[in-house]
J.: 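Below is a structure I'd like to ask you about.
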Amino acid sequence: MEKSEEYVKKLKIFLENKGYQVNSRINKYSADEDFLYMCTSKYFLKSEGLYSQLINEMVKRNGNQTLCNQ
C-alpha cells in the first residue's frame with residue numbers, strides 16, 4: 001500500500017471514530033466530477049493545495065462547514 005493510501009485510510013478511521021460519516025471516491029471519476037462532488041460536502045477537510053483551497057471556498061459559500069488540517 002502506498003503512503004498516500006495509508007494516510008487516507010488512517011484519516012478515514014480517525015474521522016469515523018470522531019463521529020463523522022466519511023465517503024471515499026478514489027480514482028473513479030474525473031477531476032471535474034470530484035470537484036463538484038466535494039463542493040457540495042456538508043463537511044470538508046481542507047489541505048494545503050490550491051485545488052483544496054478552491055473547494056474549501058465553495059463549501060463555505062454553500063453554507064457548509066470546512067475543517068482545517070493543522
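It should be emphasised that the depicted structure is a prediction, and the values quoted were computed from it without experimental measurement.
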J.: For N23, what residues pass the side-chain contact (heavy atoms from CB on, under 4.5 Å) criterion, not counting sequence neighbours?
T.: Q21, Y37

J.: Shared ILVMFWY cluster between L36 and I55, side chains joined below 4.5 angstrom?
T.: no

J.: Can you list everything that forms a side-chain contact (heavy atoms from CB on, under 4.5 Å) with V8? Sequence neighbours excluded, please.
T.: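 Here the qualifying residues are I26.
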
J.: Calculate, to the nearest 0.5 Å, the distance between atoms CD and CG belonging to Q65 and L45 respectively.
T.: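 Between atom CD of Q65 and atom CG of L45 there are 11.0 Å.
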
J.: According to side-chain contact (heavy atoms from CB on, under 4.5 Å), who are the partners of N64, at least two apart in sequence or on a separate chain?
T.: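 V59, N62.
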
J.: Transitively linked via ILVMFWY side-chain contacts under 4.5 Å: V22 with F14?
T.: yes

J.: Is any side-chain heavy atom of M58 closer than 4.5 Å to one of F35?
T.: yes

J.: Side chain to side chain donor-acceptor pair (under 3.5 Å) with T66: which residues, sequence neighbours excluded?
T.: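 Side chain to side chain donor-acceptor pair (under 3.5 Å) check on T66 returns N56.
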
J.: Just to verify, what does E33 make a salt bridge (charged side-chain N to carboxylate O under 4.0 Å, His left out) with, not counting sequence neighbours?
T.: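 Residues passing salt bridge (charged side-chain N to carboxylate O under 4.0 Å, His left out) with E33: none at all.
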
J.: Taking only residues two or more places apart in sequence, or in another chain, which ones meet K42 in a salt bridge (charged side-chain N to carboxylate O under 4.0 Å, His left out)?
T.: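 In terms of salt bridge (charged side-chain N to carboxylate O under 4.0 Å, His left out), with neighbours along the sequence ignored, K42 is linked to no residue.
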
J.: Can you measure from CG (L50) to CG (L54) and round to the nearest 0.5 angstrom?
T.: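 One gets 4.5 Å once the value is rounded to the nearest 0.5 Å.
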
J.: Taking the side chain as everything from C-beta on, heavy atoms only, tell me whether F44 gets closer than 4.5 Å to S52.
T.: yes

J.: Among residues at least two apart in sequence or on other chains, which ones pass ring-ring contact (aromatic ring centres under 6.0 Å, His included) with Y43?
T.: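 Testing Y43 for ring-ring contact (aromatic ring centres under 6.0 Å, His included), a comparison that skips the adjacent residues, returns Y20.
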
J.: List the residues meeting side-chain contact (heavy atoms from CB on, under 4.5 Å) with S4, not counting sequence neighbours, and say none if there are none.
T.: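 In terms of side-chain contact (heavy atoms from CB on, under 4.5 Å), with neighbours along the sequence ignored, S4 is linked to E2.
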
J.: Quick one: list whatever passes side chain to side chain donor-acceptor pair (under 3.5 Å) with K9, sequence neighbours left out.
T.: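 Counting only residues at least two positions away or on another chain, K9 forms no side chain to side chain donor-acceptor pair (under 3.5 Å).
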
J.: CE/M38 to NZ/K46 distance, rounded to the nearest 0.5 angstrom?
T.: 13.5 Å

